[in-house]
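Some notes on the structure that comes next.
None of the values given here were measured: they were computed from a predicted structure. Sequence positions, counted from 1, serve as the residue numbers for this chain.
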Amino acid sequence: MRQEVRMYLNQRPELKQYVRNHPVWYRYLSRDPQALLQLESEVKQFYGRTFPQKLERFHSNLNMAMMLLEMARGFGASK
């Protein structure tokens with residue numbers, strides 16, 4: 001692997017850990033150092049940091065809060 005790619009991965013521990021867990025990326029980056037952009041997008045998707053994933057998580061949390069609120073109202077009305 002090229003020195004600049006190694007330095008780039010050392011500066012970003014999350015990417016480095018992903019490459020360690022998915023060793024096929026050593027081969028990809030050795031052959032094509034420009035694949036770093038593809039690696040970053042795959043890491044974002046893996047860790048759930050894309051906008052649609054964040055939106056889905058927010059929506060899920062909102063639904064949970066609404067359900068808890070409805071349960072609280074139900075307990076308050078039954079007394």
Side-chain angles (χ1 to χ4, degrees):
M1 189 180 305
R2 292 185 180 180
Q3 183 67 27
E4 61 269 10
V5 173
R6 239 183 293 150
M7 288 174 49
Y8 186 82
L9 291 176
N10 285 334
Q11 292 173 355
R12 291 166 178 78
E14 189 173 77
L15 293 178
K16 186 176 181 180
Q17 185 62 40
Y18 184 82
V19 170
R20 284 183 177 175
N21 291 336
H22 301 88
V24 70
W25 276 99
Y26 285 111
R27 187 170 10 136
Y28 293 155
L29 293 173
S30 293
R31 292 178 183 170
D32 182 19
Q34 300 301 319
L36 283 171
L37 297 175
Q38 183 182 357
L39 172 65
E40 285 184 356
S41 65
E42 190 169 320
V43 168
K44 282 182 182 179
Q45 186 172 4
F46 180 78
Y47 287 115
R49 296 205 176 111
T50 62
F51 182 72
Q53 289 170 322
K54 287 180 181 180
L55 192 59
E56 178 63 32
R57 218 171 20 253
F58 175 76
H59 183 63
S60 174
N61 289 339
L62 185 61
N63 283 341
M64 179 66 74
M66 294 299 287
M67 183 182 71
L68 290 173
L69 185 61
E70 289 298 321
M71 284 176 53
R73 284 184 186 163
F75 286 135
S78 65
K79 287 184 180 182

Please identify each residue that fulfils side chain to side chain contact (heavy atoms under 4.5 Å, CB included) with Glu42, with sequence neighbours left out.
Tyr18, Trp25
OH of Tyr47 to CG of Leu15, rounded to nearest 0.5 Å, is 8.5 Å
Interatomic spacing from NZ in Lys54 to CZ in Phe58 - rounded to 0.5 Å:
13.0 Å
Assess whether atom CD of Glu4 is packed by more than 12 heavy atoms of other residues, nucleotides or ligands within 6.0 Å.
yes
Which residues share a side chain to side chain contact (heavy atoms under 4.5 Å, CB included) with Ser30, sequence neighbours left out:
Met1
Inter-residue atom distance Met64.CE - Leu62.CG, 0.5 Å rounding
11.5 Å
Considering only heavy atoms from C-beta outward, does the side chain of Tyr28 approach that of Gln38 to under 4.5 Å?
no
Treat each ILVMFWY residue as a node, draw an edge where side-chain heavy atoms are under 4.5 Å apart, and state whether Val24 and Leu29 are in one component.
yes
Hydrophobic clustering (ILVMFWY, side-chain heavy atoms < 4.5 Å, transitive) - are Leu37 and Leu9 grouped together?
no
Where the side chain of Gln53 meets the backbone of Thr50, is there a donor-acceptor pair that is under 3.5 Å apart?
yes
Tell me, please, which residues at least two apart from Arg57 pass salt bridge (Lys or Arg N to Asp or Glu O under 4.0 Å).
none
Summary of salt bridge (charged side-chain N to carboxylate O under 4.0 Å, His left out) pairs that have at least one residue in residues 6-34, sequence neighbours excluded
Glu14-Arg49
If you group Ile, Leu, Val, Met, Phe, Trp and Tyr whenever their side-chain heavy atoms sit less than 4.5 Å apart, what else falls in with Phe51?
Leu55
Tell me every residue that passes side chain to side chain contact (heavy atoms under 4.5 Å, CB included) with Met7, counting only those two or more places apart in sequence or in another chain.
Gln3
